[in-house]
Amino acid sequence: MFSTALKIFEEKWKSYRHRFVPWIALNLRKNERTLRQVTKRSQDKLVPDEEVTETLLRLFRALFRNDLVNQGDVLSQLPTSTQTHYLGQQNNGKETTEEAGRDGPKRGFDLMLHNVGFCLERQPSTLPFGGTGVFVTKGWVPKGVTVAMYPGTVYQPYDPILFQSIRNPFVFRCIDCVLIDGNDKGISKMVYRSCSGRDRLGPLTLSDTTWLTTNPVNPLAVGQYVNNCTNEWAANVCYQEYDVPDEFPLELRQYLPNVNYTHDAQRPLRCVVLVSLQNIHPGEELFSNYYTIVH
């Protein structure tokens, strides 16, 4: 009876997605292929933050230009030089507002392919009982680039997250104990929407809520659906913590799929990106290491 209960508890615990969780201590069947180990926090950075910023800005600027027809209120709040920059690019024939409005949500995938070289889509996982997974569907991913983002509400170690974490398999733990709740349903969804609405600056939205739907405006915001690697399927991406720099353009923050639970203007917004460990080709599913040990 006791052994059966222990087995059930073990299976439940193994499905809990806290990074660096006590799962490691209780897992009696450690498999080195499914664990990632780094000797210190600095080695958890495979790509410089500047390169992550460059990738995000390239895609986000394309998303903004593509949606200029709906960005009038935001443009009016920006310096004249910034307005001229965006409008000048549009008028130079790179893309008209009429073209920008076509094809609806598919347009984001087109922009992604053009600006980062690949497309991601959520599809049924190749793993038995894997649920939803994330696949490269067009283009290819070179080694050492930003592949996706892990969306969600950001909780500092002192923030309350008890009720949000109950039966929630999407709570991601950073090295410094900051937590990101990537659940797009239930109370987690309501908390994220509430915090996002709180942090608006007039017409300026400082975070993206569309990742809570089936058609995220930011096509990178699918990292919460990347499955853990197995014996057969080695990890081809890994998580990397990224603090959004203060100089990140205000008009582009509307595409960031993260928001702080407690508003703190002095603390940079924590995001987590997924970085490729190898070349990834069309049709391949993304697999990460949920369990990273930092010595």
J.: Group every Ile, Leu, Val, Met, Phe, Trp and Tyr by side-chain heavy-atom contacts under 4.5 Å, then state whether Leu274 and Leu57 land in the same group.
T.: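 In one cluster with Leu274: Leu57, yes.
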
J.: For the pair Arg122 (side chain) and Gly133 (backbone), establish whether a donor and an acceptor sit closer than 3.5 Å, ignoring hydrogens and angles.
T.: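 Between the backbone of Gly133 and the side chain of Arg122 there is no qualifying donor-acceptor contact (under 3.5 Å).
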
J.: Verify the distance criterion only: is there a donor paired with an acceptor across the side chains of Glu284 and Gln278 at less than 3.5 Å?
T.: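 Absent: no donor and acceptor within the cut-off.
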
J.: Taking all non-hydrogen atoms of both residues, which atom of Pro151 and which atom of Ile180 are closest, and how far apart?
T.: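 For Pro151 and Ile180, the tightest heavy-atom pair comes out as O-CG2, 3.7 Å.
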
J.: Answer yes if the side chains of Thr146 and Tyr242 hold a donor-acceptor pair under 3.5 Å, and no otherwise.
T.: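 There is no such pair (donor and acceptor under 3.5 Å, judged by atom type) between the side chains of Thr146 and Tyr242.
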
J.: So Val145 and Thr55, do their side chains get closer than 4.5 Å, heavy atoms only?
T.: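 Side-chain contact under 4.5 Å: no.
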
J.: In the structure I gave you, are the side-chain heavy atoms of Asp49 and Lys45 within less than 4.5 Å of one another anywhere?
T.: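 Side-chain contact under 4.5 Å: yes.
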
J.: Going by heavy atoms in the side chains, are Ser207 and Gln254 under 4.5 Å from each other?
T.: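 They are not in side-chain contact.
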
J.: Under 3.5 Å, is there a donor-acceptor pair between the Asn289 and Asn228 side chains?
T.: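 No, Asn228 and Asn289 have no side-chain donor paired with an acceptor closer than 3.5 Å.
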
J.: Return the minimal non-hydrogen interatomic distance between Val74 and Glu251, and the atom names on each side.
T.: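 Closest approach of Val74 to Glu251, heavy atoms only: CG1-CB, 3.9 Å.
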
J.: Same cluster for Val134 and Leu212 if Ile/Leu/Val/Met/Phe/Trp/Tyr side chains link at under 4.5 Å?
T.: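 No; tracing contacts between hydrophobic side chains, which count when under 4.5 Å, never links both residues.
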
J.: With hydrophobic residues grouped by side-chain heavy-atom distances under 4.5 Å, do Tyr225 and Tyr239 end up in a single group?
T.: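 Looking at the clustering, Tyr239 is in the same group as Tyr225.
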
J.: Would you say Leu68 and Leu75 make side-chain contact, with heavy atoms under 4.5 Å?
T.: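 Result yes, sub-4.5 Å side-chain heavy-atom pair found.
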
J.: For the pair Asn66 (side chain) and Ala62 (backbone), establish whether a donor and an acceptor sit closer than 3.5 Å, ignoring hydrogens and angles.
T.: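 Between the backbone of Ala62 and the side chain of Asn66 there is no qualifying donor-acceptor contact (under 3.5 Å).
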
J.: Please report the shortest heavy-atom distance between Ile175 and Glu241, naming the atom on each side.
T.: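 In this case the closest contact between Ile175 and Glu241 is N-OE2, 2.7 Å.
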
J.: With side chains defined as the heavy atoms from C-beta onward, is the minimum distance between Val222 and Leu286 less than 4.5 Å?
T.: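 Val222 does not reach Leu286 side chain to side chain.
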
J.: Cluster question for you: counting only ILVMFWY and a side-chain heavy-atom cut-off of under 4.5 Å, with indirect links fine, are Val116 and Met149 together?
T.: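 Linked within one cluster.
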
J.: Quick check on the 6.0 Å ring-centre criterion: do Phe287 and Trp233 meet it?
T.: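 Yes.
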
J.: Go through the side-chain N and O atoms of Glu285 and Asn227 and say whether any donor and acceptor fall under 3.5 Å apart.
T.: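 The criterion, which ignores hydrogens and geometry beyond distance, is satisfied for Asn227 and Glu285.
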
J.: Out of Val154, Asn260, Asn258, which one pairs with Arg270 under the side chain to side chain contact (heavy atoms under 4.5 Å, CB included) rule?
T.: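 Running side chain to side chain contact (heavy atoms under 4.5 Å, CB included) over Val154, Asn260, Asn258 with Arg270 returns exactly one hit, Val154.
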
J.: State yes or no: do Leu252 and Met112 share one hydrophobic cluster built from I, L, V, M, F, W and Y residues joined by side-chain heavy-atom distances below 4.5 Å, directly or via other members?
T.: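 Yes, Leu252 connects to Met112 through the hydrophobic network.
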
J.: For the pair Thr84 (side chain) and Thr80 (backbone), establish whether a donor and an acceptor sit closer than 3.5 Å, ignoring hydrogens and angles.
T.: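 Checking the backbone N and O of Thr80 against the side chain of Thr84, a donor-acceptor pair under 3.5 Å is found.
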
J.: Contact between Leu206 and Val259 at the side-chain level, heavy atoms closer than 4.5 Å - yes or no?
T.: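 They are not in contact (no side-chain heavy atoms under 4.5 Å apart), so the answer is no.
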
J.: Is Arg267 salt-bridged to Asp243, going by a charged N under 4.0 Å from an acidic O?
T.: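 Salt bridge: no.
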
J.: Is the His281 ring parallel, tilted or perpendicular to the Trp140 ring (thresholds 30°, 60°)?
T.: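 Parallel.
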
J.: Passes side chain to side chain donor-acceptor pair (under 3.5 Å), Thr153 versus Asp181? Steps please.
T.: CA-CA 5 Å; Thr153 305; Asp181 181 5; 5.7 Å; no

J.: If we only count heavy atoms from C-beta on, is the Thr137 to Pro282 side-chain gap below 4.5 Å?
T.: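 They are not in side-chain contact.
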
J.: Would you please test Asp208 and Thr210 for side chain to side chain donor-acceptor pair (under 3.5 Å) and show each step?
T.: CA-CA 6 Å; Asp208 176 30; Thr210 64; 2.7 Å; yes

J.: Regarding Thr205 and Arg200, is there a side-chain donor-to-acceptor distance under 3.5 Å anywhere?
T.: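 A pair is found: one side chain offers a donor N or O, the other an acceptor, under 3.5 Å apart.
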
J.: Less than 4.0 Å between a side-chain N and a carboxylate O, is that true for Lys189 and Asp184?
T.: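 Judged by the 4.0 Å cut-off on N to carboxylate O distance, Asp184 and Lys189 do not form a salt bridge.
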
J.: Fit a plane to each ring of Phe172 and Tyr150, take the angle between them on a 0 to 90° scale, and name the class: parallel (under 30°), tilted (30 to 60°) or perpendicular (over 60°).
T.: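 Taking Tyr150 first and then Phe172, their aromatic rings sit tilted (interplane angle of 30° to 60°).
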
J.: Answer yes or no: is there a donor N or O on one side and an acceptor on the other, between the side chain of Asp67 and the main chain of Leu63, under 3.5 Å?
T.: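 No, the answer is negative, given that no donor and acceptor are paired below the 3.5 Å cut-off.
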
J.: Under 3.5 Å, side chain of Asn183 to main-chain N/O of Phe170, donor-acceptor pair present?
T.: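 Absent.
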
J.: Taking Val237 as the fixed residue, which of Val275, Leu46, Ile280 is the one that meets the side chain to side chain contact (heavy atoms under 4.5 Å, CB included) rule?
T.: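 Passing option: Ile280.
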
J.: Evaluate the side-chain proximity of Tyr261 to Gln156: yes if any heavy-atom separation is below 4.5 Å, no if none is.
T.: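 They are not in side-chain contact.
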
J.: How far apart are the C-alpha atoms of Thr262 and Tyr155, what are their side-chain angles, what is the distance that settles it, and do they pass the side-chain contact (heavy atoms from CB on, under 4.5 Å) test?
T.: CA-CA 7 Å; Thr262 300; Tyr155 292 85; over 6 Å; no

J.: Would you please say whether a donor-acceptor pair under 3.5 Å links the side chains of Tyr86 and Gln71?
T.: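 No.
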
J.: Is the side chain of Ser276 donor-acceptor paired with the backbone N or O of Pro142 at a distance under 3.5 Å, no angle test?
T.: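 Side chain of Ser276 to backbone of Pro142: a pair is present.
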
J.: How are the rings of Trp211 and Tyr192 set to each other: parallel, tilted or perpendicular (split at 30° and 60°)?
T.: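 Trp211 and Tyr192: perpendicular rings.
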
J.: Looking at every non-hydrogen atom in both residues, tell me the closest pair between Ala148 and Leu120 and how far apart they are.
T.: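 Closest approach of Ala148 to Leu120: CB-CD1, 4.0 Å.
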
